[in-house]
Enquirer: 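Attaching a single structure in structure tokens format; questions to follow.
All values derive from a computational prediction rather than experimental measurement. Throughout, a chain's letter reflects where its sequence line sits, starting with A, and its residues are numbered from 1.
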Protein chains: 2
Amino acid sequence: MDTKLLVVDDDPNICEILKLYFENEGYNVKCANDGIEGINLFKIYEPSLVLLDIMMPKKDGWQVCREIREISSKPVIMITAKGEVFDKVLGLELGADDFIVKPFDMKELSARVKAVLRRYNAQVSVSDEEVVKYENIEISLQKYELKINGKAIDIPPKELELLYFLASNCNRVFTRDQLLDKVWGFDYLGDSRTVDVHVKRLREKLEGVSDKWSLKTVWGVGYKFDTVG
Amino acid sequence: MDTKLLVVDDDPNICEILKLYFENEGYNVKCANDGIEGINLFKIYEPSLVLLDIMMPKKDGWQVCREIREISSKPVIMITAKGEVFDKVLGLELGADDFIVKPFDMKELSARVKAVLRRYNAQVSVSDEEVVKYENIEISLQKYELKINGKAIDIPPKELELLYFLASNCNRVFTRDQLLDKVWGFDYLGDSRTVDVHVKRLREKLEGVSDKWSLKTVWGVGYKFDTVG
DNA sequence: AACGTTTATTCACATAATATTTATAAAATT
DNA sequence: AATTTTATAAATATTATGTGAATAAACGTT
């Protein structure tokens, strides 16, 4: 997991405890002690989720939430002290995703964090089809399936993604670095030989299947999904 | 758009999330936490549509629906918890326009709201079947029943729901997070390994039953109900 | 055409990521 | 209270992925 959390709370103890706890759960955590710092850190740290205390000096949680919403839709969980005047409606209008009342049980908070992240990640795209067809090959990201001559072929995710990317940009050459960027992600740290190996494995699966297309090496440059005509 | 919705539900969390969601869709939303408050708010707020939970303290959804019908013909969508005794006939007699079972998918609810509003403006009413058939398998949400080769198989609710969802979106891969969201509900707090275990139990019941379809694992992604052809 | 240089391919292995299974505990239902 | 269903946690099994080294191919230069 490489999920980044941002804790914004003026109480250093709470920050510390949350940091320790969530780091132990495998998250990456940074803390800010007031609203202004929180917003700044949000911009540079780019967390996946924000835990936001409401009662804070300088800039309160409401204000921080509002400003975050102006630049991002990342999930925000508001933290409110018991007895504090707490306007849920306002929170919802500002776009908070969930609430928890201090003092809270860490397990519950943790479960809520997970649930909110899940909800955020679970958006199912209905609209786009994400299928590439050419001649006797068909690649579907939605089904995560490769079909050759109508028959489904077992294929690992990364290989499918690589093939999909190349095929959906057919005849165009990509360098290994570009492919790492596009298929593996911009934050991927690794050797560009990795691409070669995946290409090799793809070729094993695809060899002799068609003379209308192939995975071509462009020497000194990279690879392309080559089609005739 | 300036369509007003009234949400009547004793669970504040559900209210909140519905409010947030539908406001984001451009509706105007108000919430009531029990039946009496619901009827009062109906009179002064004059919503275009009511989302009405059945199980509530003070006054239940049936009663609220009846009272609304005495003064208005505005559309009402009943919300019922799974497993709850749910009398569709009674609902229809009371004049409800549609039903949805908790936990529901927000997109689906949203679609139903839209549909009911459209119907209301066009003065037509339809009801849907909620059955999936494919080859020798038949899954009915209405009857909560799984039939294989025409024979009913005992199956727990959650398993049926999961199977139903996957089968009604066959060949499409869903991540565990998406499945938790769609089948367990957006407010579910829990682990995604849960999905695995349910899949396992489904497989026990379904194995060797057909070679036309199966519950497939898509490595690194999730699961799908796979069909040939 | 032969050489050295660069670049690509292949292979085998290690590691990391993920899925399955099992057992058990907790909830819910009857 | 007993039974069934559901959720959790841990152990095990499986698969994908990445790495580095060895090999092969392409290229440019002479």
Side-chain angles (χ1 to χ4, degrees), chain A residues 1-3 24-26 107-108 110-111 114-115 118 144 146 153-164 166 173-180 183-185 187-207 214-224 226, chain B residues 55 81-86 102-103 144-146 153-163 165-166 173-177 179-180 183-185 187-207 214-224 226:
Chain A
M1 203 196 310
D2 195 355
T3 310
N24 187 47
E25 300 245 300
K107 277 214 174 131
E108 194 198 334
S110 171
K114 255 205 293 186
R118 169 167 57 73
Y144 250 81
L146 164 66
I153 307 283
D154 263 0
I155 182 172
K158 268 280 171 309
E159 283 173 44
L160 186 90
E161 285 158 28
L162 176 60
L163 181 60
Y164 177 83
L166 286 169
V173 190
F174 295 92
T175 67
R176 291 175 177 73
D177 282 349
Q178 288 173 331
L179 291 172
L180 285 178
V183 179
W184 274 257
D187 53 348
Y188 178 75
L189 305 170
D191 197 28
S192 62
R193 290 300 98 186
T194 295
V195 178
D196 304 25
V197 176
H198 282 266
V199 167
K200 190 227 169 220
R201 289 175 186 150
L202 274 173
R203 282 175 175 160
E204 279 170 4
K205 294 183 179 67
L206 303 176
E207 79 177 340
S214 62
L215 281 181
K216 282 242 172 79
T217 303
V218 179
W219 225 85
V221 185
Y223 298 99
K224 64 173 172 177
D226 198 62
Chain B
M55 209 65 146
K82 185 131 31 201
E84 210 170 284
V85 189
F86 179 61
K102 268 197 270 192
Y144 254 82
E145 181 184 74
L146 165 66
I153 306 283
D154 262 0
I155 182 173
K158 266 280 170 310
E159 284 172 43
L160 185 94
E161 287 156 28
L162 177 59
L163 181 61
F165 177 77
L166 286 169
V173 189
F174 295 90
T175 65
R176 293 174 177 74
D177 280 354
L179 292 172
L180 285 179
V183 179
W184 276 258
D187 53 348
Y188 177 74
L189 304 172
D191 197 69
S192 65
R193 289 297 101 186
T194 296
V195 177
D196 304 26
V197 177
H198 282 265
V199 167
K200 185 204 176 254
R201 289 178 189 144
L202 274 173
R203 281 175 175 159
E204 280 168 4
K205 294 183 179 66
L206 302 176
E207 81 177 338
S214 63
L215 281 182
K216 280 241 172 80
T217 303
V218 178
W219 227 87
V221 185
Y223 298 99
K224 65 174 170 177
D226 197 64

Enquirer: Under 4.0 Å between a side-chain N/O of A:R193 and OP1 or OP2 of C:dT7, yes or no?
Expert: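 For A:R193, the contact criterion (side-chain N or O under 4.0 Å from OP1 or OP2 of C:dT7) is not met.
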Enquirer: It should be established whether A:W184 places a side-chain nitrogen or oxygen under 4.0 Å from OP1 or OP2 of nucleotide D:dG18.
Expert: yes
Enquirer: Looking at B:R201 and B:E204, is any side-chain nitrogen of the basic one under 4.0 Å from a carboxylate oxygen of the acidic one?
Expert: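 Here B:E204 does not pair with B:R201 in a salt bridge, since their nearest N and O are not under 4.0 Å apart.
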Enquirer: In terms of side-chain heavy atoms, does A:Y223 have a donor or acceptor partner in A:Q178 at a distance below 3.5 Å?
Expert: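 No, because no side-chain N or O of A:Y223 sits under 3.5 Å from a partner of the opposite role on A:Q178.
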Enquirer: Quick check on side-chain contact (heavy atoms from CB on, under 4.5 Å): which of A:E207, A:R203, A:K224 does A:L215 satisfy it with?
Expert: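 Per the side-chain contact (heavy atoms from CB on, under 4.5 Å) rule, the option paired with A:L215 is A:R203, out of A:E207, A:R203, A:K224.
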Enquirer: Rounded to whole angstrom units, what separation is found between the CG atom of B:D196 and the P atom of C:dT22?
Expert: 14 Å
Enquirer: When the nearest nucleotide of DNA chain D is assigned to A:K107 and to A:I155 on a heavy-atom basis, which residue is associated with the more 5' position?
Expert: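 Looking at the nearest nucleotide for each, A:K107 comes out on the 5' side.
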Enquirer: Indicate yes or no: at least one non-hydrogen side-chain atom of A:R118 is less than 4.5 angstrom from one of B:R176.
Expert: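 Side-chain contact under 4.5 Å: no.
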Enquirer: Report the nucleotide, chosen from C:dA19, D:dA7, D:dC27, that has the shortest atom-to-atom distance to any side-chain atom of A:W219.
Expert: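 Per side-chain heavy atoms of A:W219, the pick is D:dC27.
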Enquirer: What is the separation between atom CG on B:D191 and atom P on C:dT24, rounded to the nearest whole Å?
Expert: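 Rounding to the nearest Å, CG of B:D191 and P of C:dT24 are 19 Å apart.
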Enquirer: Between A:E204 and A:G220, name the one whose nearest nucleotide on DNA chain C is closer to the 5' end.
Expert: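 Mapping each residue to its closest nucleotide by heavy atoms, the 5'-most match is A:G220.
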Enquirer: Within the structure shown, what part of the strands sits under 4.0 Å from B:K200 by heavy-atom distance: base, sugar-phosphate, or nothing?
Expert: base
Enquirer: Which of the following nucleotides, C:dT9, D:dT6, D:dA9, is nearest to the side chain of B:H198?
Expert: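 Looking only at heavy atoms from C-beta outward on B:H198, the closest nucleotide is D:dT6.
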Enquirer: Return whichever of B:V218 or A:G222 has its heavy-atom-nearest nucleotide of DNA chain C closer to the 5' end.
Expert: A:G222
Enquirer: Is it the case that D:dG18 (base atoms only) and A:R201 (side chain only) share a donor and an acceptor within less than 3.5 Å, ignoring hydrogens and angles?
Expert: yes
Enquirer: In whole Å, what is the span from the NZ atom of B:K216 to the C1' atom of D:dT15?
Expert: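 Rounded to the whole Å, the gap is 16 Å.
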Enquirer: Rounding to a whole Å, what distance do you find between A:L160:CG and D:dT15:C1'?
Expert: 16 Å
Enquirer: Whether B:T194 contacts D:dT6 is assessed here as follows: a side-chain N or O lying under 4.0 Å from the phosphate OP1 or OP2. Is that the case?
Expert: no
Enquirer: So, does B:T217 get its side chain near the phosphate of C:dT20, meaning an N or O under 4.0 Å from OP1 or OP2?
Expert: yes
Enquirer: Without decimals, in angstroms, what is the distance between B:D154 CG and D:dT6 P?
Expert: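 Atom CG in B:D154 sits about 12 Å away from atom P in D:dT6.
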Enquirer: Looking across every strand, which nucleic acid part, if any, lies under 4.0 Å from B:V199 by heavy atom: base, sugar-phosphate, or nothing?
Expert: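 The answer is nothing, as B:V199 stays clear of every strand by at least 4.0 Å.
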Enquirer: So do B:Y188 and B:V183 actually touch side chain to side chain, heavy atoms under 4.5 Å?
Expert: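 They are not in contact (no side-chain heavy atoms under 4.5 Å apart), so the answer is no.
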Enquirer: Rounded to the nearest angstrom, tell me the gap between atom NZ in B:K224 and atom P in C:dA19.
Expert: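 For the pair B:K224 NZ and C:dA19 P, the rounded distance is 14 Å.
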Enquirer: Among C:dA19, D:dT5, D:dA7, which nucleotide sits nearest the side chain of B:Y223?
Expert: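 Output: C:dA19.
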Enquirer: Looking for any heavy atom pair under 4.0 Å, which part of the strands does A:V221 touch: base, sugar-phosphate only, or nothing?
Expert: sugar-phosphate
Enquirer: Take atom NZ of B:K205 as the centre, draw a 6.0 Å sphere, and report whether it contains more than 12 heavy atoms from other residues, nucleotides or ligands.
Expert: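 Enclosed.
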Enquirer: Whole angstrom is fine here: how far is it from CG in A:L179 over to P in C:dA8?
Expert: 12 Å
Enquirer: What is the distance from CG of B:L202 to P of C:dT21, rounded to the nearest Å?
Expert: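 Spelled out: CG on B:L202 to P on C:dT21 is 13 Å.
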Enquirer: Between B:V197 and A:P156, name the one whose nearest nucleotide on DNA chain D is closer to the 5' end.
Expert: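 Taking each residue's closest nucleotide, the earlier one in sequence belongs to B:V197.
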